[in-house]
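Below: one structure, written as structure tokens.
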Amino acid sequence: MSFPLLTATAALPAIGAIATAAVPAARRNAAKWLALLVSLATLALAIAVLIRFDPDGGRYQLTESHAWIADFGVRYELGVDGIAVALIALTALLIPFIILAGWHDADPLETGSRRWRPTQGFFALILAVEAMVILSFEATDVFLFYIFFEAMLIPMYFLIGGFGDRAHEHGEEAASTQRSYAAVKFLLYNLAGGLIMLAAVIGLYVVAGNFSLQEIAEARANGSLDMATSTERWLFLGFFFAFAVKAPLWPLHTWLPNAMGEATAPVAVLITAVVDKVGTFAMLRFCLQLFPEASKWATPVILVLALISIIYGALLAVGQRDIKRLVAYASISHFGFIIMGIFAMTSQGQSGATLYMVNHGISTAALMLVAGFLISRRGSRLIADYGGVQKVAPVLAGTFLIGGLATLSLPGLAPFVSEFLVLVGTFTRYPAIGIIATFGIVLAALYTLVLYQRTMTGPVKPEVSAMPDLRVRELVVVAPLVALLIFLGVYPKPVTDIVNPAVQQTMSDVQKTDPQPEVEAAK
């Protein structure tokens, strides 16, 4: 048997989580180093997956299949296409930076009668989330995917509620209440979506007789599985609802600003740059592949919802007083672009959407982690409490500016390429939607530049006059992310070469071809 590379890539952080949690409380620094080393080893395995994957090969590669619950047709079945490989690489890349950025976020702190949870628990939970996200990208058995799609909610709940942001304008008691509220809201929203999806998963088994994504898709393609139109639409809605909550898509988005606002900055990055990508990825892998006709039937409504997310998220970002909530609403707007690209049903749109998932993860990580470093120095998330930071901490301000410019998709930085592809792909089939969506770019420039102006420029406020610049550990976190933003902004080919064949196969699943440009006949 060949080495089970996909299993190893997910199992290593899972085993690392258990080992990190078992480190004695008195040796919390050892727990940090162990978690970091495990995340780096996982990154090495993800790179091995990337190297072994052949973009011109079969659709699903490095496959593994073993009987699990034979009586119900459930198998331990893994496989990756180009989209999954790109997102596994993104996840494995970001986790070491998240761990380094949160190096002191769970250090014991006595506040009245409250004590923070053990440090090793914080890092163990991050590794547990990584394992479950990677398995979600790898699973080609629908039931197996569902298990990890839901299981990741548990460690995320504890990361938000138990290790939330210490900076709160109304003190620790109010912060604890807000953290608990945000964690419960996150859990309830995602559990509701998951329960509806579970009903759809059971319905799919009743119709298809198994849970294998590849077998069901092949049966749909060759006509041996004839699914009634109404049945397909109901099953599609069950799956899509859960993914739209996770993504998140308006109006199912309201948990995200609370969760990102109350979580520490590294956990906020884990939410929006890693966990939420499972929702948009699953739309491509499951909704379009299993329910192609229903996907086309729902496209007009989904495009309108995505457009609302783009404009609504950007408008609310403009009016935010809280730095982290501003980034959260900006992410809602960006997820609107991703979903719009997926359901534009063009190769440019879907390639752009997949590239956007990667680029958004990097840009949001850069901006939010620098914002976290800023907040930890001042002890406040409020924009009004800052001013003149660029005069006392120019490197911090400079990296904050680059992260912000990437968020507004400045040409030359990675998100521009993906946003341009999404808009072009949408415009060729739905010109009105594409035109209106461009206003999201204008609003992004507004909320990003206003945020920078109010926090970094102007007179130096007394509270920030002694603010230190980025330290070595923080530079190690931020510098590679900035370098990636510039590299992929200038040369996105390494990612597009991997994802484009998978996008073409997805287009084939829904039996869509790109609209042909209208060329005026030569006179």
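What you are looking at is a predicted structure, and each value in this text was computed from that prediction instead of being measured.
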*Say whether, by atom type as modelled, one donor and one acceptor occur between the side chain of S333 and the main chain of Y329 under 3.5 angstrom.*
no

*Would a 4.5 Å heavy-atom cut-off, applied to side chains only, mark E293 and W297 as touching?*
no

*Could you give the distance from CG (L290) to CG (L235), rounded to the nearest 0.5 Å?*
9.5 Å

*So, the side chain of D141 versus the backbone of E77: is there a donor-acceptor pair under 3.5 Å, distance only?*
no

*Determine yes or no for a side-chain-to-main-chain donor-acceptor pair under 3.5 angstrom, with S376 supplying the side chain and F373 the backbone.*
yes

*Are any of the side-chain heavy atoms of T7 and Y76 separated by less than 4.5 Å?*
yes

Taking distance alone, no hydrogens or angles, what donor-acceptor pairs closer than 3.5 Å link side-chain atoms of residues 84-99 to residues at least two apart or in another chain?
from	atom 1	to	atom 2	distance (Å)
T91	OG1	L87	O	2.9

*Before accepting this row, confirm whether a basic side-chain N of the pair E474/R377 lies closer than 4.0 Å to the acidic partner's carboxylate O.*
yes

*Give the minimum heavy-atom separation between T42 and P13, together with the two atoms involved.*
OG1-CD, 3.5 Å

*Could you give the distance from OG (S295) to CE (M345), rounded to the nearest 0.5 Å?*
5.0 Å

*F335 side, atom CZ; L256 side, atom CG - distance, nearest 0.5 Å*: 7.5 Å

_Separation between CG of L367 and NZ of K324, rounded to the nearest 0.5 Å_ = 12.5 Å

*asked:* Is any side-chain heavy atom of L127 closer than 4.5 Å to one of V38?
replied: yes

N/O donor-acceptor pairs under 3.5 Å from side chains in residues 408-421, not counting sequence neighbours:
from	atom 1	to	atom 2	distance (Å)
S409	OG	E419	OE1	3.0
S409	OG	E419	OE2	3.4
S418	OG	N359	ND2	3.3
S418	OG	P415	O	2.9
E419	OE1	Y356	OH	2.5

*Do side-chain atoms of Q348 reach the backbone of V422 as a donor and acceptor pair under 3.5 angstrom?*
no

_Pair F163-L125, side chain to side chain contact (heavy atoms under 4.5 Å, CB included): steps then yes or no_ = CA-CA 11 Å; F163 299 93; L125 289 170; 3.9 Å; yes

*Under 3.5 Å side-chain donor-acceptor pair for T299 and Y430*: no

*Could you give me the CA-CA distance, side-chain angles and deciding distance for I302 and I342, then say whether side chain to side chain contact (heavy atoms under 4.5 Å, CB included) is met?*
CA-CA 10 Å; I302 294 172; I342 291 171; over 6 Å; no

*How about F400 and L451: do any of their side-chain heavy atoms sit closer than 4.5 Å?*
yes

*Reported CG-to-CG distance for the pair L355 and L488, which is rounded to 0.5 angstrom*: 7.5 Å

*Are any of the side-chain heavy atoms of R454 and Y386 separated by less than 4.5 Å?*
no

*Kindly indicate whether a cation-pi arrangement holds for K246 with F149, taking the cut-offs as under 6.0 Å to the six-membered ring centre and within 45° of the axis.*
yes

*How many angstroms lie between CD1 in I383 and CD1 in I323, if you round to the nearest 0.5 Å?*
6.0 Å

*Kindly say whether V269 contributes a backbone atom to a donor-acceptor pair with the side chain of T272 at under 3.5 angstrom?*
no

*Taking only Lys NZ, Arg NE, NH1 and NH2, and the carboxylate oxygens of Asp or Glu, determine whether R381 and E262 approach each other closer than 4.0 Å.*
yes

*Side-chain contact test, heavy atoms from C-beta onward, threshold under 4.5 Å: evaluate it for F337 versus L423 and give yes or no.*
yes

_Ring geometry between F286 and F243 (parallel below 30°, tilted from 30 to 60°, perpendicular above 60°)_ = tilted

*Kindly determine whether M156 and L159 satisfy side chain to side chain contact (heavy atoms under 4.5 Å, CB included), including the steps that lead there.*
CA-CA 5 Å; M156 285 306 310; L159 283 170; 4.1 Å; yes

_Between F239 and F145, does the ring-ring contact (aromatic ring centres under 6.0 Å, His included) criterion hold? Intermediate values first, please._
CA-CA 12 Å; F239 277 77; F145 168 82; 8.2 Å; no

*Taking C-beta and beyond as the side chain, do L326 and Y447 meet within less than 4.5 Å on heavy atoms?*
yes

*asked:* The criterion is side-chain hydrogen bond (donor to acceptor under 3.5 Å, both in side chains); which residues satisfy it with Q453, sequence neighbours excluded?
replied: none

*Please answer whether the main-chain N or O of G425 pairs with a side-chain N or O of T346 as donor and acceptor at a distance below 3.5 Å.*
yes

*Taking the side chain as C-beta and beyond, is there a heavy-atom pair between R285 and T140 under 4.5 Å?*
yes

*Would Q61 and D81 count as a side chain to side chain contact (heavy atoms under 4.5 Å, CB included) if you check the C-alpha gap in whole Å, the side-chain angles of each, and the deciding distance to 0.1 Å?*
CA-CA 7 Å; Q61 300 179 33; D81 60 4; over 6 Å; no

